[in-house]
Amino acid sequence: CNARSVRNTWPIFKAAASVHRPSILAITETWLSDDIASSFTYYNYCQFSACRHSEHPGGGVMFFFSPTYNMVSVKIPRQPPVSCNVLSVTDTSNGHCWVLVYRPPNCSADDTRCLLECLESLLLSHASITILGDCNMPGIDWQHNETQPASSIQRDLVSMCDLWSL
């Protein structure tokens, strides 16, 4: 879910989660800072977060996993650019890696390439992986794996997805 400030939408998330009881809750654009992210809890779910550390507001990602998962934070082999967020956790019972990504709409081409290299480093280091998030690339037609209009960054993301069968 894209929260556009989890501080403002937290009661809505909690109410919806209470009805549906998801095993995993993935939130982008939390707009939180490190000092307050830990105050957001949901029952006995395990929470992981990565806050955006840049001069621009917004960004940030947060995972919640039900107690049936044995999750630990994973060191990312190649760090993402400061304008983006990448959060990686692994289930110790089966080794599956979960990755949550946020790329701001105004992200530079260099930062986007760095983000793609970061994701590729995770793909190389985990046999089983799920990548979720918001890359803010509305020009990609995911049904046909095409970009409209064709930008090199969008083509790079589609190519990476094709290469890794994502």
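What you see is a predicted model; the values in this text were computed from it and never measured.
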Could you walk me through whether Tyr69 and Ile24 pass side-chain contact (heavy atoms from CB on, under 4.5 Å), step by step?
CA-CA 9 Å; Tyr69 290 89; Ile24 300 169; 3.5 Å; yes

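Within the 4.5 Å cutoff, no side-chain heavy atoms of Cys46 are placed close to those of Phe63. By the 4.5 Å heavy-atom criterion applied to side chains, Ile129 and Val99 are counted as neighbours. By the 4.5 Å heavy-atom criterion applied to side chains, Lys14 and Tyr42 are counted as neighbours. Here the side chains of Arg103 and Asn85 are not in contact, with every heavy-atom distance at 4.5 Å or above. By the 4.5 Å heavy-atom criterion applied to side chains, Leu100 and Thr28 are counted as neighbours. Between Thr112 and Ser108 the shortest side-chain heavy-atom distance does not fall below 4.5 Å. Taking the side chain as every heavy atom from C-beta outward, Tyr102 and Cys84 never approach each other to under 4.5 Å. Inter-residue side-chain proximity for Tyr45 and Leu25 is flagged as unmet; no heavy-atom pair is nearer than 4.5 Å.
Minimum heavy-atom separation, Val89 to Ser73: CG1-CA, 4.0 Å. Nearest heavy-atom pair across Ser18 and Tyr43 is OG-OH, 3.5 Å.
Note that CZ of Phe13 and CE of Met62 are 10.0 Å apart. Values are rounded to the nearest 0.5 Å. Interatomic distance, CD of Gln154 versus CG of Asp141, reported as 11.0 Å (0.5 Å rounding). The structure places CD1 of Ile153 at 8.5 Å from SG of Cys107, a figure rounded to the nearest 0.5 Å. Taken to the nearest 0.5 Å, the OG atom of Ser5 stands 10.0 Å off from the CD atom of Glu29. With values rounded to the nearest 0.5 angstrom, Phe48 atom CZ is found 7.0 Å from Phe65 atom CZ. Rounded to the nearest 0.5 angstrom, Ile27 CD1 and Leu132 CG are separated by 12.0 Å.
Contacts of Asn44 classified as side chain to side chain donor-acceptor pair (under 3.5 Å), with partners at least two apart in sequence or in another chain: none.
A single hydrophobic cluster is seen to contain both Val101 and Leu124, as judged by linkage of ILVMFWY side chains at heavy-atom distances under 4.5 Å, directly or through other members.
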Check: residues 113-121 side-chain donor-acceptor pairs under 3.5 Å, at least two apart:
{"unit_1": "Arg113", "atom_1": "NH1", "unit_2": "Ala109", "atom_2": "O", "d": "3.4"}
{"unit_1": "Glu117", "atom_1": "OE1", "unit_2": "Arg78", "atom_2": "NE", "d": "2.9"}
{"unit_1": "Glu117", "atom_1": "OE1", "unit_2": "Arg78", "atom_2": "NH2", "d": "2.6"}
{"unit_1": "Glu120", "atom_1": "OE2", "unit_2": "Trp164", "atom_2": "NE1", "d": "3.0"}
{"unit_1": "Ser121", "atom_1": "OG", "unit_2": "Arg78", "atom_2": "N", "d": "3.4"}
{"unit_1": "Ser121", "atom_1": "OG", "unit_2": "Cys118", "atom_2": "O", "d": "2.6"}

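Under a 3.5 Å cut-off, the side chain of Gln47 and the backbone N or O of Ala37 do form a donor-acceptor pair.
Side-chain contact check for Ser93 and Asn70: no donor-acceptor pair (N or O, by modelled atom type) lies under 3.5 Å. A donor and an acceptor atom, one from each side chain of His96 and Thr90, are nowhere located under 3.5 Å apart. Between the side chains of Thr9 and Arg4, not a single donor N or O lies within less than 3.5 Å of an accepting N or O.
Each of Leu122, Val61, Ile131 was scored for a side chain to side chain contact (heavy atoms under 4.5 Å, CB included) with Val86, with one residue passing: Leu122. No option in Asp162, Leu157, Asp156, Val158 other than Leu157 meets the side chain to side chain contact (heavy atoms under 4.5 Å, CB included) test with Met160.
Cation-pi geometry between Arg7 and Phe40 is not met at under 6.0 angstrom from the ring centre and within 45 degrees of the axis.
Taking the six-membered ring wherever Trp is involved, the centroid distance between the rings of Phe64 and Trp10 falls below 6.0 Å.
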